[in-house]
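Just below is one structure, and these are the notes that go with it.
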Amino acid sequence: MTSHRDDASMDAVGVSADDDITWQGDVRAGVRQVRDLDSLPLSPAERSAAQAAATRHKVRIPKAYLDLIDWTDPADPIRAQVIPSPEELTEQEGELDDPIADHAFSPVPRLTHRHADRVLLFPTYQCAVYCRFCFRKESLTSIGRGFSREALEPAFAYIAAHPEIREVILTGGDPLSLPDKALAEIRARIEAVSHVRLLRLHTRVPVALPSRVTSGLVRSLQGRLMVTVVTHFNHAREITDAAEQACSALRQGGFVLLNQSVLLKGVNDTVEVLEELCRELMYRLGVKPYYLHHGDLARGMAHRRTTIHQGQALVSALRARLSGICNPVYVLDLPDGGGKVPLGPCYVEAQDGETWRIRGQDGELRTYTELVGDP
Ligand SMILES: *Cc1c(COP(=O)(O)O)cnc(C)c1O
Ligand code: SF4
């Protein structure tokens with residue numbers, strides 16, 4: 001059902017240009033609904049488990065992403081991100097429908113305002129790919145709706161009425177799953193609000209459906225505002241020639257590119273995998289690693305969460321191996337709207353008056369004495 005409606009909205013882009021045909025083919029040849037799982041090389045047991053898990057969270061995998069899976073490896077990190085697993089059916093006490101309290105801070109539909117200067121705007125609750133670990137999966141299921149002009153009017157009015165808002169962050173859902181025309185309209189509406197300075201898009205499209213990043217898409221986002229595109233690569237294997245072309249088009253379009261990753265057990269929880277990911281993001285794609293998110297309390301995801309201690313050890317090792325610009329900030333998005341807080345690494349071990357005990361990057365403890373002028 002849902003997938004038919006989604007296809008209609010994707011088709012709304014029109015097939016005028018060759019590059020539109022390419023990405024639409026990528027969508028059609030991928031997994032679009034549960035029964036498409038039948039065509040994948042899963043064992044009968046895996047298939048029925050996947051079908052059961054898919055009832056809790058939608059499945060969708062564009063062909064470009066599906067092709068990255070190494071089917072000979074049951075623990076393949078690409079597969080782990082998109083193929084439903086029976087473990088998703090095991091929920092733990094304390095897991096949450098809304099792990100980062102989007103709804104509690106939502107003054108009008110489709111908008112979350114937790115920090116004075118920036119808002120999240122949800123133009124769609126649909127995505128080009130559905131990630132098993134998604135922290136918004138309950139919203140994607142319960143709200144599920146795509147873009148409509150009327151649905152966003154209260155959010156636009158709210159933004160216009162709050163002069164403290166400087167950044168509008170399009171998230172969802174995946175804003176880049178929208179047609180160019182819808183993106184251009186949304187951009188124009190936000191641009192018309194003079195106190196808004198920056199437009200941000202949080203998207204997995206450059207990872208999972210890179211062919212969607214067409215020249216038309218780039219043009220639809222160009223205007224008065226500084227635009228930042230925050231991608232979501234979790235593994236270096238996702239950094240393909242097609243992803244490189246997509247990021248190059250976005251950079252040449254004049255957008256600032258950042259990446260956020262989620263720390264996922266069995267996907268990227270080793271220093272080697274994170275090091276290669278962050279290095280290739282920066283050096284090959286020109287995408288600055290921004291955040292590494294500690295796995296949040298999304299339901300049925302205990303099998304993908306690491307401990308905070310493990311995460312801290314990883315980022316501490318990363319810090320020693322990679323240049324400053326290649327390092328992401330390791331954050332926990334606190335439940336109940338506490339926001340994102342950095343979890344480390346922390347090098348300060350003790351303080352006594354002006355004297356600090358700080359561990360150097362070489363692991364040696366040093367003493368640093370503060371010298372400041374009279375107040
Ligand atoms: C993550 C998030 C933001 C953006 O935070 P930055 O630290 O600026 O990237 C804004 N609002 C909400 C509600 C968020 O969850
Ligand atoms: S693309 Fe983002 S919002 Fe969509 S399922 Fe994946 S993590 Fe969730």
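Residue numbers start at 1 and run along the sequence shown. Remember, it's 1-based here, ligands and their atoms both numbered in the order they're listed. Source: prediction; values computed, not measured.
Listed by atom number, the atoms of ligand 1 under 4.0 Å from Lys340 heavy atoms are 1 (C), 2 (C), 3 (C), 4 (C), 5 (O), 14 (C), 15 (O). Counting the atoms of ligand 2 from 1 in the order shown, those under 4.0 Å from a heavy atom of Tyr130 are 5 (S). Atoms of ligand 2 lying under 4.0 Å from any heavy atom of Val129, numbered from 1 in the order shown and given with element: 1 (S), 4 (Fe), 5 (S), 6 (Fe). Contact atoms of ligand 2 toward Leu140: 5 (S) (distance under 4.0 Å to a heavy atom of the residue). Of all the atoms in ligand 1, the ones that sit under 4.0 Å from a non-hydrogen atom of Thr112 are 13 (C). Atoms of ligand 1 found under 4.0 Å from any heavy atom of Arg114, numbered from 1 in the order shown, are 12 (C), 13 (C), 14 (C), 15 (O).
Here the closest non-hydrogen pair linking Leu183 and Leu201 is CD2-CD2, 4.5 Å. Considering all non-hydrogen atoms of both residues, Val196 and Arg224 come closest at O-NH2, 3.0 Å. In this structure, Asn327 and Lys288 approach most closely via the heavy-atom pair O-NZ, 3.0 Å.
At a heavy-atom distance under 4.0 Å, only side-chain atoms of Tyr291, from C-beta outward, approach ligand 1. Contacts between Asp102 and ligand 1 below 4.0 angstrom, taking non-hydrogen atoms only, are absent altogether. Neither the backbone nor the side chain of His293 has any atom closer than 4.0 Å to an atom of ligand 1 (non-hydrogen atoms only). The proximity of Glu167 to ligand 1, defined as any non-hydrogen pair under 4.0 Å, does not occur for either the backbone or the side chain. If you look at Ile100 next to ligand 1, the close heavy atoms, those under 4.0 Å, all belong to the side chain.
Among the atoms of Cys131, no N, O or S atom falls under 2.8 Å of atom 8 (Fe) of ligand 2. For atom 4 (Fe) of ligand 2, the set of nearby N, O or S atoms under 2.8 Å includes one belonging to Cys127.
For atom 8 (Fe) of ligand 2, the closest non-hydrogen atom on the protein side is Cys134 SG, 2.3 Å. Shortest contact from atom 5 (O) of ligand 1 to any protein heavy atom: Arg118 NE, 3.5 Å.
Salt-bridge annotation for Arg79 and Asp73: absent, with no side-chain N of the basic residue lying under 4.0 Å from a carboxylate O of the acidic one. The pair Arg136-Asp102 counts as a salt bridge, with a side-chain nitrogen and a carboxylate oxygen less than 4.0 angstrom apart.
In this structure, the side chains of Val129 and Val205 stay at 4.5 Å or more apart for every pair of heavy atoms. You'll find the side chain of Glu349 stays beyond 4.5 Å of the side chain of Tyr347, heavy atoms only. Side-chain contact between Tyr65 and Glu238 is present, with at least one heavy-atom pair separated by less than 4.5 Å.
A side-chain donor from one of Gln81 and Arg204 sits under 3.5 Å from a side-chain acceptor of the other.
When the side chains of ILVMFWY residues are joined at heavy-atom separations under 4.5 Å, either directly or via intervening members, Leu285 and Leu221 end up in a single hydrophobic cluster.
Checking atom 2 (Fe) of ligand 2 against the protein gives no heavy-atom contact under 4.0 Å.
The shortest N or O to N or O distance between His115 and ligand 1 is not under 3.5 Å.
Using a 4.0 Å heavy-atom cutoff, Tyr290 is listed among the residues neighbouring ligand 1. Judged by the shortest distance from any of its heavy atoms, His113 lies outside the 4.0 Å radius around the atoms of ligand 1.
For the pair Asp19 (side chain) and Thr214 (backbone), a donor-acceptor distance under 3.5 Å is absent. The closest donor-acceptor contact from the side chain of Arg118 to the backbone of His113 lies at 3.5 Å or more, if one exists at all.
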